[in-house]
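Worksheet: one structure, shown below.
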Amino acid sequence: MNKIVKLIALDNLRGRVVILYFLMLAVMTLTSVLLQDNASKATLTLLNITLFIVPLMSLCYPVIYLYNSHEFLVMLLSQPLQRSSLWRSFYYGVSGGLLTAFLLGTGLPALFFLPLRLCAMLVAAGCAITLTFTSLAFLLAMLTTDKARGIGAAILLWLLFTMIWDSVCLYMLFLLDEWPIEQPIMALLMLNPLDLARFQVILQTDAAAMMGYSGAAFKDFLGASGGMAVSALLLLGWIVLPFLLSARHFSKEDL
């Protein structure tokens with residue numbers, strides 16, 4: 001299995017898309033940290049870039065890669081290999097390539113220009129987002145056999161988590177402003193992995209108010225330490241559960 005993981009990871013790292021992804025992250029990271037006058041502003045700028053670009057890449061690229069690797073996957077299945085181990089190898093290889101590009105493109109420059117605490121939280125949030133949306137991409141690839149539909153579903157899922165979800169929360173906030181809706185808003189926020197990652201980083205910058213009502217309410221409702229623990233556990237669930245569902249589907253799928 002280690003050989004398969006290494007083969008897939010190297011194949012991804014040599015791909016032009018992943019190289020372009022690394023270069024784009026590196027340019028935007030260096031631009032952000034060099035143009036800002038303090039670490040908190042630079043961290044928030046990098047956080048916005050991470051929350052927008054990393055989910056899109058982590059959703060669309062693995063979906064396309066899995067569809068393009070269908071024949072290779074079928075060939076490997078003809079060997080005496082367990083399906084669960086093979087699926088894990090693909091996940092480790094693809095996510096490893098994306099994580100390497102993110103760590104080199106964003107993590108390494110941030111390490112030189114940002115305080116260690118802010119850099120660690122930003123990198124941890126970016127890695128969690130990469131693993132989460134890669135797991136969702138693997139699940140989408142298993143649920144949809146058509147390549148065009150799979151890519152379309154990935155883009156729609158990205159739009160849901162990056163734009164539509166917060167718009168729904170704001171609409172509910174204005175529509176039901178006379179009702180005690182803090183707990184429903186908390187539940188909606190905790191169901192979005194991007195809001196969970198955003199919450200983790202912004203708490204470290206002492207700028208929760210910049211998230212508006214949602215961030216302030218999240219901090220007041222859970223508290224700093226409680227919010228960190230709960231959001232970390234929920235992010236772990238977002239990583240593990242979609243992958244387990246995709247692995248279960250793959251073990252029964254007739255390719």
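Source: prediction; values computed, not measured.
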query: Distance from Leu13 atom CG to Leu98 atom CG, nearest 0.5 Å?
result: 9.0 Å
query: Should Thr50 and Ile129 be marked as a side-chain contact (heavy atoms from CB on, under 4.5 Å) after you check the CA-CA gap, both sets of side-chain angles, and the distance that decides it?
result: CA-CA 9 Å; Thr50 300; Ile129 292 172; 4.3 Å; yes
- prompt: Is it the case that one hydrophobic cluster holds both Leu139 and Leu241, taking links as side-chain heavy atoms less than 4.5 Å apart, direct or via other members?
  reply: no
field: Straight-line distance of Ser95 OG to Phe133 CZ, nearest 0.5 Å
entry: 15.0 Å
task: Output the distance between atom CG (Leu156) and atom CD1 (Ile164), rounded to the nearest 0.5 Å.
output: 7.5 Å
message: Is there a side-chain contact between Pro242 and Phe138 in this structure, where contact means two heavy atoms from C-beta onward sitting under 4.5 Å apart?
response: no
message: Run the ring-ring contact (aromatic ring centres under 6.0 Å, His included) test on Trp158 and Phe52 for me, step by step, so that the C-alpha distance in whole Å, both residues' side-chain angles and the decisive distance to 0.1 Å come before the verdict.
response: CA-CA 9 Å; Trp158 172 74; Phe52 189 81; 5.1 Å; yes
field: Any Phe90 side-chain heavy atom under 4.5 Å of Leu76 side chain
entry: yes
field: Note, Leu46 side chain near Leu114 side chain (heavy atom, < 4.5 Å)
entry: yes
- prompt: Would you call Leu235 and Leu131 a side-chain contact if the rule is heavy atoms closer than 4.5 Å?
  reply: no
- prompt: In chain order, what residues pass the side-chain hydrogen bond (donor to acceptor under 3.5 Å, both in side chains) check against Ser58, with sequence neighbours excluded?
  reply: none
message: Suppose clustering is done on Ile, Leu, Val, Met, Phe, Trp and Tyr with side-chain heavy atoms closer than 4.5 Å. Which residues sit in the same group as Leu111?
response: Leu116
query: Transitively linked via ILVMFWY side-chain contacts under 4.5 Å: Tyr21 with Val27?
result: no
message: What I want to check is whether the side chains of Asp146 and Tyr67 have a donor and an acceptor closer together than 3.5 Å.
response: no
task: Using distance alone, with no hydrogens and no angle criterion, decide if Ser135 and Tyr91 have a side-chain donor and acceptor under 3.5 Å apart.
output: yes
task: Looking only at non-hydrogen atoms, find the nearest pair between Lys147 and Ile64 and report the distance.
output: CE-CG2, 4.3 Å
- request: Please tell me if the side chains of Leu194 and Pro55 come closer than 4.5 Å, counting only heavy atoms from C-beta onward.
  value: yes
Any side-chain donor near an acceptor of the partner, Arg248 and Ser251, under 3.5 Å: no
statement: Output for pair (Gln82 CD, Arg88 CZ), nearest 0.5 Å, gives 7.5 Å
- request: Decide yes or no on ring-ring contact (aromatic ring centres under 6.0 Å, His included) for Trp238 and Phe161, but give the supporting numbers first.
  value: CA-CA 13 Å; Trp238 272 107; Phe161 284 125; 5.5 Å; yes
- line: d(Cys60 SG, Leu157 CG) to nearest 0.5 Å is 9.5 Å
task: Please examine the side chains of Met28 and Ile53, heavy atoms only from C-beta on, and report whether any two atoms are closer than 4.5 Å.
output: yes
message: Grouping I, L, V, M, F, W and Y whenever their side-chain heavy atoms are under 4.5 Å apart, do Val54 and Leu59 come out in a common cluster?
response: yes
query: Have Thr29 and Thr106 got a donor and an acceptor in their side chains that come within less than 3.5 Å?
result: yes
message: Quick check: do Leu103 and Val123 have side-chain heavy atoms less than 4.5 Å from each other?
response: yes
- prompt: Should Tyr65 and Phe72 be counted in the same cluster of Ile, Leu, Val, Met, Phe, Trp and Tyr side chains packed under 4.5 Å apart?
  reply: yes
